[in-house]
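Note sheet for the following structure.
The sequence lines fix the lettering, A, B, ..., with proteins before strands; numbering per chain opens at 1.
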Number of protein chains: 2
Amino acid sequence: MAATILVVEDEPAIQELIAYNLRQAGHQPLCADSAEQALRLVSNALPDLVLLDWMLPGASGIEVARRLRGDKRTRSIPIIMLTARSEEQDKLQGLETGADDYITKPFSPRELNARIKAVLRRRAPQMTDDVVEIGGLRVDPAGHRVTGNGEKIDLGPTEFRLLHFLLTHPERVHSRAQLLDNVWGDHVFVEERTVDVHIRRLRKALEAGNLDQMIQTVRGTGYRLSAS
Amino acid sequence: MAATILVVEDEPAIQELIAYNLRQAGHQPLCADSAEQALRLVSNALPDLVLLDWMLPGASGIEVARRLRGDKRTRSIPIIMLTARSEEQDKLQGLETGADDYITKPFSPRELNARIKAVLRRRAPQMTDDVVEIGGLRVDPAGHRVTGNGEKIDLGPTEFRLLHFLLTHPERVHSRAQLLDNVWGDHVFVEERTVDVHIRRLRKALEAGNLDQMIQTVRGTGYRLSAS
DNA sequence: ACCAGATGTTGCAGATTTGTGACATCTGAC
DNA sequence: GTCAGATGTCACAAATCTGCAACATCTGGT
């Protein structure tokens, strides 16, 4: 669960306090004390999560969030905003702008860690570049490679994303709508039956290693990837 | 845990915010911005839960709750009311009127989800995706799997829902009408005797592990699932 | 033992869901 | 512009689910 976490906070004391706690928890903090610096750091290397103070000088916390959400490259980075207790209003606006959660100052390290963990768990699974392997089926997102029992498997882009999603969420049924949301993306207008076709193509590609039976149909519900 | 959730809220921004979060959590939001629209939607199709703003124009939030509680068809739908921090009074009145819980604006997605889950678990256990196990019979809603003493059991969609409902409401008798309401859904016109047939199919599937005796007939009343 | 009502069991036709191949369109590389 | 690969959609076949009715069996009361 070691994550790179960008801390955007103008108050040096609080920034250092947070960084210390993150290091304690095994994370890798990156610190910025302004919106500009934050965006520069992000353009260099994508963090896994952003802790964003809402009350930066110039009220630019909101702007940072908006920019992160506006760019396709950074859209899916989870954001937790830090707010003072009095800024009740901002919470709504913040959540609206796309923050995943908020946390009210002052907060305990325990609380901070719990929220980080939860947000990462909710958002992360198929976002990481970790190699995933289940029952001889192996996907390497970084290298965009798939092998079945060591044999190379060729997949088209969509089949690749589909398999990757299924592998990172195994042993549970996904409806066609859920698959469309997670593999094709939100707000995409595509027939549900199209999922069937790509499942078919995926199974066909997996036939080589007799792994096609890992993709199971659950009649009336959807599809499931299972080790057995 | 995919539930249909009716959101009754006149403020468009908040309504959209809530809907977004519900979708994120895998639910299916239905939105209404007035008491009238809410009641109309409910008469169409029963939601699994209602998020109800207490301060609708005309203070009709209370009225909506009263109507929902007054109609037999909607009486058991869980209601969570949304209140502003200052409206302390209303909380009491709301809980009195039959709300299952309240949540104070502004609230975090985390908090909202936690409450929804808690209320659903209390009022409609079969809506959650928790694994249920009684006397060696085990149902995993997320994976859509059933095992009896470790052995895999195959069920059709209806038998699956039926067993899931019985497992989440064990040790009590359900009339055929209740089973039709809860497993088939209301607004469905089906002979009561059809329940018998599906009970039969369920028992047959459970015979493998000698678990069919867990489904018991209560003559003149209905059926019951018991640890035997 | 007999009866009436309740429940168990079965086969089936119609409805629904899914698998599959074919085809039209789109996209980016050259 | 052309081409190859990728993608979405459709139509038809195959698989399966469902509700029902008909008949069999059971239960409790008399």
Practice task
Verify the contact: side-chain N or O of A:T217 to OP1 or OP2 of C:dG19, cut-off strictly under 4.0 Å; return yes or no.
Solution key: yes
Practice task
Kindly say if B:K204 contacts the phosphate of C:dT10, meaning a side-chain N or O under 4.0 Å from OP1 or OP2.
Solution key: yes
Handout entry: Whole-Å distance separating the CG atom of A:L155 from the P atom of D:dG5
Key = 16 Å
Handout entry: Under 4.0 angstrom between A:R219 side-chain N/O and C:dT16 OP1 or OP2
Key = no
Completion exercise
Sorted by number, residues from residues 189-202 of chain B placing a heavy atom under 4.0 Å from DNA chain D are B:V190, B:E191, B:T194, B:V197, B:H198, B:R201
Handout entry: Expected output: side-chain B:Q15 to main-chain B:E9 donor-acceptor under 3.5 Å
Key = yes
Handout entry: Closest contact, heavy atoms only, B:T74 versus B:R69
Key = O-NH1, 4.3 Å
Exercise for the section: Give a yes/no answer on whether the side chain of A:Y223 brings an N or O atom under 4.0 Å of OP1 or OP2 in C:dT17. Expected result: no
Practice task
With side chain to side chain contact (heavy atoms under 4.5 Å, CB included) as the test, would you mind laying out the steps for A:Y223 and A:L179 before giving the verdict?
Solution key: CA-CA 9 Å; A:Y223 296 95; A:L179 290 175; 4.3 Å; yes
Exercise for the section: Can you measure from CG (B:D196) to CZ (B:R203) and round to the nearest 0.5 angstrom? Expected result: 9.0 Å
Practice task
Round to the nearest Å and state the distance from B:I215 atom CD1 to C:dT7 atom C1'.
Solution key: 15 Å
Completion exercise
B:D154 CG to D:dA15 P, in whole Å, measures 17 Å
Problem - Pairwise distance CD1(B:I5) to CG(B:D48) - rounded to 0.5 angstrom - result: 7.5 Å
Problem - Exercise: identify the closest heavy-atom pair between B:C31 and B:Q37 - result: O-NE2, 3.7 Å
Practice task
Could you tell me, to 10°, how much the axis swings from one end of the helix from C:dA1-D:dT30 to C:dC30-D:dG1 to the other, five pairs per end?
Solution key: 30°
Exercise for the section: Mind calculating the distance between CG (B:L179) and C1' (D:dT18) to the nearest angstrom? Expected result: 17 Å
Practice task
Measure from CG on A:L180 to C1' on D:dT9 and round the result to the nearest Å.
Solution key: 13 Å
Practice task
Check the side chains of A:T194 and A:R176 for a donor-acceptor pair under 3.5 angstrom, ignoring hydrogens and angles.
Solution key: no
Practice task
State whether A:W184 places a side-chain N or O below 4.0 Å from either non-bridging phosphate oxygen (OP1 or OP2) of D:dT7.
Solution key: no
